[in-house]
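What follows is a single structure, written as C-alpha cells, with notes after it.
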Amino acid sequence: MPKSNKAPQVFENYSLKEYNTFGIDARAQYFTIISSLESYVALLKTGLYSHLPHLFLGGGSNILCTKHIDALVVKNEIKGFDLIQEDDESVILRSGAGELWDDLVSYAVQHNWSGIENLALIPGTVGAAPMQNIGAYGVEIKDAFDHLEALNLETLAVERFEKSQCQFGYRESYFKHEGKGKYLISTVCFKLNKKPTIQTSYGAIQTVLDSKGITNPTISDISKVVIEIRKSKLPDPKEIGNSGSFFKNPTVPSHVANRLLNAYPGIPNYPISGSSDIKFPAGWFIEQAGWKGFRDGDAGVHVHQALVLVNYGDATGKEILAIAEKIKASVNEKFGISLETEVNIY
Ligand code: FAD
Ligand code: NAP
C-alpha cells in the first residue's frame with residue numbers, strides 16, 4: 001500500500017484509556033495516529049499544533065498518565081520490515097518504529113536471525129525500545145542495535161543515530177533524557193546473526209529447557225521458553241492494568257552492598273561485570289517492606305510481583321503514583337536505598 005503523505009486527522013479531548021496498558025482514563029488535548037513520517041511532517045508544516053508539546057506514543061506500556069495531557073499525542077503506526085544488508089554472518093534488518101516489538105522478535109526468529117530472541121513478548125513498539133534500551137533475560141537491545149533514524153522536531157530533518165550517540169545504559173538512553181520529546185524515532189535497524197549465540201544462563205531459562213529435555217536449543221526454543229516463563233510470572237495488562245516493572249533494580253557500590261548483605265544475608269544479588277558495583281532486585285526490597293499485594297481502592301501492588309504496580313479497574317494515575325511514592329519512602333527508610341522510577345510519568 002502506498003504511504004500517505006497527507007496530514008492525518010486530529011481528534012480533540014480524546015480518551016487515552018485504550019492506549020496505555022495501565023488503563024488510565026486520561027484525556028489528550030489532541031490525538032492523532034500517524035502511519036508514515038511524511039504524513040506527520042505534513043501535519044507539522046500546517047503549524048496548527050506547533051504551540052504544544054508533542055507526546056509520542058507506541059503501545060503505552062511504559063507510561064503513567066497522572067493528569068490530562070496538554071499536548072498533541074502522536075500514536076506511531078509507521079510499519080514495515082526491510083532487509084537492508086546481508087552477508088554470510090549477519091543481516092541488518094530495518095523496522096518501522098510502529099511495528100510491535102514482539103512481531104519483530106517473531107520475524108527474526110522465523111528467519112533464524114539471532115540476537116533478540118531473549119526479548120520475546122516484551123510489550124510495546126520497536127520505536128520505544130531504544131528509549132530505555134529494553135532488556136530481559138540477560139540481553140538488551142543495545143547488543144543487537146545498529147542505528148536508528150529520528151525526525152528532529154525543530155529542524156524537520158531526519159537524523160541518523162549510531163549506537164554511541166544513543167548513550168544506552170541500564171534502562172536508559174539519550175532519548176529518555178536530553179532527547180525526550182525532541183525526536184520522533186521513525187525506524188530502528190538491528191544487526192542479527194546467522195550463527196546464533198544462545199544465552200540460557202539468566203533466570204529460569206536453563207531450568208525450563210532441562211525440564212523439557214532440550215539439550216541443544218535453537219533460538220526458537222529460547223523464545224518459546226522465555227514466552228512461557230513470562231506468561232507464568234507477569235500479569236497480562238489485558239487482565240490487570242500495569243506497566244511492567246515500575247522501578248529499576250538498584251545498582252549500588254560495594255560498601256553499600258556489604259552493609260546490606262551483612263544485615264540481610266539472603267538478598268539475591270548480581271555483581272556488575274567490569275565494576276565492583278552490585279545489583280539488587282528492587283522487588284525484594286519492596287516485598288520485604290511489606291508492599292506485595294497492597295491495595296488501596298483500585299490501585300495496588302501485584303500479589304505475586306512486588307515490582308509491578310497495578311490498576312484493578314478505575315484507579316487514577318495520581319493514585320498509582322501516590323503508592324509509588326510511599327513505596328520509595330518506605331524502602332529508603334528501611335534499607336537506605338533510593339528506588340528510581342522506570343516508567344515515564346506524565
Ligand atoms: P510507550 O509506553 O508508548 O512510550 C514509552 C516512552 O517512549 C514515552 O516516553 C514515549 O513518549 C516514548 N516513545 C514511544 N515511541 C516513541 C518514538 N517512536 N519516538 C520517540 N519517543 C517514543 N521493558 C523492558 O525493558 N523489559 C521487559 O522485560 C519489559 N517487560 C514488560 C512487561 C509488561 C507486562 C509491561 C506492561 C511492560 C514491560 N516493559 C518491559 C516495559 C515496556 O514494555 C517497554 O518499555 C516498551 O519498550 C515500551 O514500548 P511502548 O511502545 O509501549 O512505549
Ligand atoms: P527474575 O528472573 O525473578 O529476577 C529478578 C531480578 O534479578 C531481575 O529483574 C533481574 O534483573 C535480576 N537477575 C536475575 N537473574 C540474573 C542474572 N543471572 N544476572 C543478573 N541479574 C539477574 O526477574 P523477572 O521479574 O521474572 O524478570 C525476568 C526478566 O524480564 C528480567 O531481565 C527483567 O528485567 C525483565 N522484565 C522487565 C520488566 C520491565 O518492565 N522492565 C518487566 C518484566 C520483566 P534485570 O531486570 O536487571 O534483568
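For ligands, and for the atoms within them, numbers begin at 1 and follow the listed sequence. Computed from a predicted model, the values in this text were never measured in an experiment.
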>> I'd like to check which ligand 1 atoms, numbered from 1 as shown, lie under 4.0 Å from a non-hydrogen atom of Ile134.
In response: 24 (C), 25 (O), 44 (C), 45 (O), 47 (O)
>> Is the ring pair Phe56/His54 parallel, tilted or perpendicular, if the boundaries are 30 and 60 degrees?
In response: perpendicular
>> Taking 4.0 angstrom as the limit and counting only heavy atoms of Asn242, give me the atoms of ligand 1 inside it, by number and element.
In response: 34 (C), 36 (C)
> Looking only at atom types and distance, does a side-chain atom of Gln165 sit under 3.5 Å from a main-chain N or O of Glu162, one as donor and one as acceptor?
Replying inline: yes
> Is there a donor-acceptor pair under 3.5 Å between the side chain of Lys292 and the backbone N or O of Val301?
Replying inline: no
>> If the cut-off is 4.0 Å to any non-hydrogen atom of Ser243, which atoms of ligand 1 fall inside it?
In response: 35 (C), 36 (C), 37 (C)
> Just by modelled atom types, is the Lys195 backbone N or O under 3.5 Å from a matching donor or acceptor in the Asn193 side chain?
Replying inline: no
> Of all the non-hydrogen atoms in the protein, which one sits nearest to atom 49 (O) of ligand 1, and at what distance?
Replying inline: Ala128 CB, 3.3 Å
> Between Arg230 and ligand 1, which part of the residue brings a heavy atom under 4.0 Å of the ligand: side chain, backbone, both or neither?
Replying inline: side chain
>> For Ser39 and Asn5, which I'm curious about, is there any donor-acceptor pair between the side chains at under 3.5 Å?
In response: no
> Can you list the ligand 1 atoms lying under 4.0 Å from a non-hydrogen atom of Thr125?
Replying inline: 49 (O), 50 (P), 51 (O)
> When rounded to the nearest 0.5 angstrom, what is the spacing between CD in Gln305 and CD in Glu287?
Replying inline: 9.5 Å
>> Regarding atom 18 (N) of ligand 1: of the candidates Val139, Ile185, Asp236, Asn118, which has the closest heavy atom?
In response: Ile185
> Is it true that a side-chain atom of Asp221 and a backbone atom of Thr218 form a donor plus acceptor pair closer than 3.5 Å?
Replying inline: yes
>> Is the contact between Leu57 and ligand 1 made by the side chain, the backbone, both, or neither, using heavy atoms and a 4.0 Å cut-off?
In response: both
> Relative to each other, are the rings of Phe81 and Tyr107 parallel, tilted or perpendicular (30° and 60° limits)?
Replying inline: tilted
> For atom 26 (N) of ligand 1, which candidate among Gly135, Pro237, Pro235, Ala136 holds the nearest heavy atom?
Replying inline: Gly135
>> Just to confirm my output: which protein heavy-atom neighbour is closest to atom 7 (O) of ligand 1, and how far is it?
In response: Met131 CG, 3.2 Å
> Given Phe56, Tyr183, Tyr19, which has its nearest heavy atom closest to atom 13 (N) of ligand 1?
Replying inline: Phe56
> Does the Trp101 side chain pair with the main chain of Leu119, one donor and one acceptor, at a distance under 3.5 Å?
Replying inline: yes
>> If you measure every N or O of Thr21 against every N or O of ligand 1, does any of those distances drop under 3.5 Å?
In response: no
> Does Ser243 reach the main-chain N or O of Phe22 with its side chain, forming a donor-acceptor pair under 3.5 Å?
Replying inline: no
> Which protein heavy atom lies closest to atom 33 (C) of ligand 1, and at what distance to 0.1 Å?
Replying inline: Pro123 CG, 3.5 Å
N or O contacts of ligand 2 with protein under 3.5 Å, please list pair by pair.
residue: ligand 2; atom: 3 (O); partner: Lys233; partner atom: NZ; Å: 2.9
residue: ligand 2; atom: 9 (O); partner: Asn249; partner atom: ND2; Å: 2.9
residue: ligand 2; atom: 11 (O); partner: Tyr202; partner atom: OH; Å: 3.2
residue: ligand 2; atom: 11 (O); partner: Asn249; partner atom: ND2; Å: 3.1
residue: ligand 2; atom: 11 (O); partner: Lys279; partner atom: NZ; Å: 3.1
residue: ligand 2; atom: 13 (N); partner: Tyr202; partner atom: OH; Å: 3.4
residue: ligand 2; atom: 21 (N); partner: Tyr202; partner atom: OH; Å: 2.9
residue: ligand 2; atom: 21 (N); partner: Lys279; partner atom: NZ; Å: 3.0
residue: ligand 2; atom: 26 (O); partner: Lys233; partner atom: NZ; Å: 2.8
residue: ligand 2; atom: 32 (O); partner: Tyr137; partner atom: N; Å: 3.0
residue: ligand 2; atom: 34 (O); partner: Arg171; partner atom: NH2; Å: 2.7
residue: ligand 2; atom: 40 (O); partner: Ser245; partner atom: N; Å: 2.8
residue: ligand 2; atom: 40 (O); partner: Ser245; partner atom: OG; Å: 3.4
residue: ligand 2; atom: 41 (N); partner: Glu342; partner atom: OE2; Å: 2.7
residue: ligand 2; atom: 46 (O); partner: Arg171; partner atom: NH2; Å: 3.4
residue: ligand 2; atom: 46 (O); partner: Asn249; partner atom: ND2; Å: 2.9
residue: ligand 2; atom: 47 (O); partner: Tyr170; partner atom: OH; Å: 3.0
residue: ligand 2; atom: 47 (O); partner: Lys279; partner atom: NZ; Å: 2.6
residue: ligand 2; atom: 48 (O); partner: Tyr202; partner atom: OH; Å: 2.4

> Just which atoms of ligand 1 are under 4.0 Å from any heavy atom in Asn76?
Replying inline: 18 (N)
> Which ligand 1 atoms, with their elements, are less than 4.0 angstrom from a heavy-atom of Leu184?
Replying inline: 18 (N), 19 (N)
> Taking the six-membered ring of Tyr14 as reference, does the NZ or CZ atom of Arg27 fall below 6.0 Å from its centre and within a 45° cone about the axis?
Replying inline: no
> With atoms numbered from 1 as shown, which atoms in ligand 1 lie under 4.0 angstrom from a non-hydrogen atom of Gly124?
Replying inline: 49 (O), 50 (P), 51 (O), 52 (O)
>> Using 30° and 60° as the class boundaries, would you call the ring planes of Tyr264 and Trp284 parallel, tilted or perpendicular?
In response: perpendicular
> Does NZ or CZ of Lys279 come closer than 6.0 Å to the centre of the six-membered ring of Tyr270, within 45° of the ring's axis?
Replying inline: yes
>> Is it the case that the side chain of Asn20 and the backbone of Gly23 share a donor-acceptor pair, with hydrogens and angles ignored and the cut-off at 3.5 Å?
In response: yes
> Nearest heavy atom to atom 8 (C) of ligand 1: which of Tyr137, Tyr346, Tyr170, Trp101 does it belong to?
Replying inline: Tyr346
> Should you measure from each heavy atom of Arg171, which atoms of ligand 1 turn up under 4.0 Å away?
Replying inline: 25 (O)
